[in-house]
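Treat the numbers as computed from the prediction; the structure is a model and nothing was measured. Here is how names work: the chains are called A, B, and so on, in the same order as the sequence lines, proteins then strands, and each is numbered from 1.
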Amino acid sequence: MGQPIKQIKNRIRSVENTKKVTGAMQMISVAKLNRIQDQLFVLRPYALRLESFMHNLIGPSKENLSGYFKPGVAQAPTVLCLITSDSGLCGLYNQNVMRLAQEFLDKNSFKKIKLILVGQKGLNYFRTAPQEILNSYLGLNAKFKQDFCDKIIGQLSQLFLSGQVSAVHIAYTVFENSLVQKPVIEQLLSIQSKNTKLVEYIAEPDLKSILNDLIPQYLKIKMQLILLESFTSEHAARTVSMKTATDNAKDLLEGLVLFRNKVRQAGITQDILEITSSAEALKG
Amino acid sequence: MAKTFQVGVYSSDKIIFEGAVVSLIAPSVLGSLGILADHAPLAAKLSSGKIVIRTLEGSTNVIDSLSGGFLQILHNQATLFL
């Protein structure tokens, strides 16, 4: 039992502190997760309904209806918007979506791709990349803010409508459940028609003016959904990784306490042995 | 018995109304629209105003819509996005 008992006690104390910190962070993440998850679960069906309404409305032939549907000029660069977190300690959440984004960049390396980054982690990773970074949005801290969301989608649609870019892709994380979050890349603009059969609507006042209002609204809701999906995933990932950290600290602590007791017991045994043997010696 | 159809009134943060109704009055940008069951497919832009929903039991729900929105009617199902 080489280690003096004092050193073991110090280690126990430091592990206990770490456990307290990770435990607290876990509880904070759980609270935040619950709040944002409620928001997400209400928005999801709304966004789905709005999307299917829009696709019904535009039907198979669409290009002349609005600038949002026209595929851009092929030579123009495209934009990839990547959504990551601002802070770390959330397991593989950032790595997964960044790996997907990197794969996308590698696969499309013949095209000119510009980046728009949401979150500090993505910025740190792509700062040294050869792709031009058009803008970065920092300081959201996985809290949904409407004005941030409007700003991001405003910039993306403005880039596309002005013809500066030919397409807008977005890489984010879909929240499936608290254990599974799936990183995905979607084409946001131009809007791809999913519906092949045309529904003959009576339009009031007319199709064009409905779409002029509906599409910005749809994009706003879509962006809101994308951000909420990502933030919910982030909180879920953080909850899980903090729980793992707390559990590991618990295991470590158990071993250390056992070790401390053994060392202490060994010391006591040693002492008794010494006393009895010296008593024997005195008797003799 | 009056024929009913499904109506859903949704905003991005909650479900405002969902259920079978007899009639629906919605404020479109061109004027109020009265809708009964078996309406043809309709897409309309809504302005602010009162949305009136009459259910089979005879109760009337009035929803004040402060912002505009959209109305879709398809397969005897009306969906309002506020």
Derivation of the side-chain contact (heavy atoms from CB on, under 4.5 Å) call for B/F70 and A/D213: CA-CA 9 Å; B/F70 303 96; A/D213 276 14; 3.7 Å; yes
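Taking CG from B/D13 and CG from A/D38, the interatomic distance works out to 12.0 Å, rounded to the nearest 0.5 Å. Note that CG of A/N212 is 7.0 Å distant from NZ of B/K45, once rounded to the nearest 0.5 Å. With rounding to the nearest 0.5 angstrom, the CD atom of A/Q217 is 8.0 Å from the OG atom of B/S67. Taking CD1 from B/I15 and OH from A/Y46, the interatomic distance works out to 12.0 Å, rounded to the nearest 0.5 Å.
At most 12 heavy atoms of other shown residues, nucleotides or ligands fall within 6.0 angstrom of atom NZ in B/K50. Heavy atoms from other residues, nucleotides or ligands lying under 6.0 Å from CZ of A/R35 number 12 at most. Atom CZ of A/R49 has more than 12 neighbouring heavy atoms from other residues, nucleotides or ligands inside a 6.0 Å radius.
When every heavy atom of B/A43 is checked against every heavy atom of A/I210, the shortest pair comes out as O-CD1, 3.3 Å. Across all their heavy atoms, A/P205 and B/L30 have their closest contact at CA-CD1, 3.9 Å. Counting all heavy atoms, side chain and backbone alike, B/S12 lies closest to A/I221 at CB-CD1, 3.8 Å.
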Show which side-chain atoms of residues 74-82 of chain B pair as donor or acceptor with protein atoms under 3.5 Å away, not counting sequence neighbours.
unit_1	atom_1	unit_2	atom_2	d
B/N76	OD1	B/D38	N	2.7
B/N76	ND2	B/D38	OD1	3.2

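Looking at B/L33, only its side chain comes within 4.5 Å of chain A, counting heavy atoms on both sides. Within the 4.5 angstrom heavy-atom criterion, no atom of A/Q39 approaches chain B.
The candidate with the highest count of non-hydrogen atom pairs below 4.5 Å against chain B, out of A/L43, A/L50, A/D206, is A/L50.
Residues of residues 178-188 of chain A lying under 4.5 angstrom from chain B, judged on non-hydrogen atoms, do not exist here.
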